[in-house]
Amino acid sequence: MSLPQAGKNFYIHTFGCQMNESDSSRMAELLATDGWTGIDDPEDADLILLNTCAIREKAESKVLSALGRYRLVRNRRGTRLGVTGCVAQQEKEKLLERVPYLDFVLGPDQIAQLPAAVSSAAAGERLARTGWMDSEEYVFPRADPEAARGQVSAFVTVMKGCDNVCSFCVVPHTRGREVSRAYADVVQEVASLVAVGVREVTLIGQNVNSYAGGCTFAELIRRVAAVPDLVRIRFTTSHPQDLSPELMEAFRDVPQLMPHFHLPVQSGSNPVLKRMRRNYTWEEYVQKLERTRELCPEIAMTSDIIVAFPGETDEDFERTMTLIERVRYDNLYSFIYSPRPHTSAIRHEQDWGVVPHDIAVARLERLQKRQRELSLEKHQSLVGRELELLVEGPSRTDATRRMGRTVWNQVVNFAGKAPAGALARVRIEGATVVALSGTEVSFVPPKVPVERPAPRLNVLPTVVASDACGG
Ligand code: 5AD
Ligand code: SF4
């Protein structure tokens, strides 16, 4: 089929975790340097990228149905279509065979090849690049600080890949081995983001606490905290086995490190944890968590849980329910086990016993219902308190109100005037499961105003990121 002459508008549809969100930003910046403009409506795009997630089957099927929709845009205006991220890495060139209207496939280590892939597509060639780069040759794509102008908060990649072997997880296959970024490079990127008005950074990686870029992860946090005018640091995601006393102490000692710890437990049953190859018992996990709470008493704790892992009995599941009662998490991300290609669990499913789907759904619903009650109780306990918020801008639900986040990362919609980037004191007056509401008492504006980005810099259009990944 001959396609009409294409212009230079692009649209990126991002699925999955913060790592993908960050990779999408880097790809958008690369395209912008090549004269492309990011737009919000895929219907007007000349290039559509699907930056994909393979963590569960549902995530993968969403990608295939989105591709089907974008095919119509391609038929109408000759739009080129590329798949990047974890599904690209998992399927490699097979994806070009399965999807005949797809122009290119690029794995997560091949972001720098994007301009070449786009030129090949324009010349009518179909290309798949999914090779790995090992630690010596891998260069972390650097953020363009100008593209972050207007953002209060930004992600900074500190490592990639995962050397663990959790039996359910496809990430080691799609993201490869761990490679850490040199600490000086991380600190420099953080400083350049702060210079354009960013006030909070989230250090990201599939397994951040096994960071090894010339210092420990706790040391990296201290170095980042030394960047003047940076007010908040967060990180995600961590594995309980690599949680060092030094990192727990950082929550007590580094004022910029926010008291929120996402520490995926996956299950509260030791036989299940063993089959998951998590390398800890629930008792060891709880001990580390309680030690962290001793050091930082009000710390918010969140976690990931998989229900209906092969062989999970009613008794195993009850142990998970007991664990959540004991820990009283602020929030949980919970999922039904999804068999993934290339994982060891898929080979043992029949030996261990597959949990029927209706039982899996009932377990998930029970867990989520109880967690909603616990999350609401936590939120309600904050009513009447005056909290410090980092203000992000207008509220998404009511543009006459403002929105900011507590140190524990909860969203607060409030009546007030604090500009984006300000630290505001807000009295909390109401609570739901998902957010808090209140009234501003006072605020301190940011030194560097958080300016709206110039139109050229609208390089990161609609990002649909829903699932956390890693840990
Ligand atoms: N099935 C269900 N959930 C999974 N996760 C990872 N792999 C799977 C899978 N095969 C969950 C884990 C992880 C989170 C990002 O996704 O809970 O921590
Ligand atoms: Fe690595 Fe996390 Fe996947 Fe385990 S669950 S293999 S730690 S990314």
Side-chain angles (χ1 to χ4, degrees), residues 15-21 52-62 85-87 89-90 108 157-180 204-211 217 235-243 261-269 272-280 282 285 301-312 317 320 323-324 329 331-349 352 354-355 357 360-361 363-364 367-368 371 465-471:
F15 300 81
C17 64
Q18 294 96 337
M19 193 62 95
N20 268 10
E21 235 182 280
T52 60
C53 172
I55 196 94
R56 283 170 290 278
E57 199 181 349
K58 201 166 147 203
E60 208 179 316
S61 55
K62 277 195 226 160
C86 289
V87 175
Q89 191 64 36
Q90 185 181 284
T157 305
V158 302
M159 57 86 68
K160 65 157 196 110
C162 181
D163 288 352
N164 291 317
V165 286
C166 303
S167 62
F168 52 81
C169 186
V170 76
V171 166
H173 181 78
T174 58
R175 291 276 169 170
R177 299 197 58 88
E178 288 173 9
V179 184
S180 294
I204 60 168
Q206 266 89 26
N207 200 11
V208 282
N209 51 353
S210 61
Y211 174 81
F217 186 58
F235 64 85
T236 196
T237 293
S238 317
H239 192 298
Q241 79 181 350
D242 304 314
L243 174 54
F261 201 3
H262 181 68
L263 195 61
V265 66
Q266 312 299 0
S267 169
S269 160
V272 173
L273 288 170
K274 193 154 192 210
R275 287 199 296 279
M276 288 178 163
R277 302 178 73 176
R278 291 291 286 179
N279 270 335
Y280 54 81
W282 72 261
Y285 173 91
M301 292 281 179
T302 57
S303 197
D304 295 343
I305 286 184
I306 297 178
V307 302
F309 186 74
E312 186 188 71
F317 177 67
T320 298
L323 180 90
I324 72 157
Y329 288 107
N331 204 356
L332 274 183
Y333 302 89
S334 46
F335 317 97
I336 292 176
Y337 166 74
S338 166
R340 303 314 294 135
H342 313 288
T343 58
S344 59
I346 204 169
R347 289 197 297 274
H348 295 297
E349 259 183 53
W352 294 338
V354 176
V355 178
H357 187 65
V361 172
R363 287 181 188 165
L364 186 73
L367 178 75
Q368 293 185 337
Q371 183 55 46
S466 51
D467 302 307
C469 182

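All residue numbers refer to positions in the sequence shown, counting from 1. Counting convention: from 1, in listed order, for ligands and their atoms alike.
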Counting from 1 in the order shown, the ligand 2 atoms closer than 4.0 Å to a non-hydrogen atom of C169 are 3 (Fe), 5 (S), 6 (S), 8 (S)
For ligand 1, is any non-hydrogen atom under 4.0 Å from F335's backbone (N, CA, C, O), its side chain (CB onward), both, or neither? side chain
Would you check whether S338 has a nitrogen or oxygen atom less than 3.5 angstrom from a nitrogen or oxygen atom of ligand 1? yes
Atom indices of ligand 1 within 4.0 angstrom of Q266 heavy atoms, with elements: 12 (C), 13 (C), 17 (O), 18 (O)
Is it possible for you to check whether R56 lies under 6.0 Å from the centre of the six-membered ring of F335, through NZ or CZ, and within 45° of that ring's axis? yes
If I apply the N/O under 3.5 Å rule, does Y337 come out as touching ligand 1? no
A student comparing D304, V307, L332, I305 should find that the heavy atom closest to atom 14 (C) of ligand 1 comes from D304
Quick check on R278 - does any of its heavy atoms sit under 4.0 Å from an atom of ligand 2? yes
Is the distance from atom 4 (Fe) of ligand 2 to some N, O or S atom of C166 under 2.8 Å? yes
Considering the heavy atoms of H239, write down every atom of ligand 2 situated less than 4.0 Å from one of them. 7 (S)
Taking non-hydrogen atoms only, is I306 closer than 4.0 angstrom to ligand 1 via side chain, backbone, both or neither? side chain
Under 4.0 Å from one or more heavy atoms of P172, ligand 2 contributes atoms 6 (S)
Run the numbers for me: atoms of ligand 2, each under 4.0 Å from some heavy atom of N164, listed by number. 7 (S)
Rounded to the nearest 0.5 Å, what's the gap from OG on S303 to CD on Q371? Could you check? 9.5 Å
F168: numbered ligand 2 atoms lying under 4.0 Å from its heavy atoms: 5 (S)
Would you please determine whether V171 falls within less than 4.0 Å of ligand 1 on a heavy-atom basis? no
At under 4.0 Å between heavy atoms, what of P264 touches ligand 2? The answer is neither
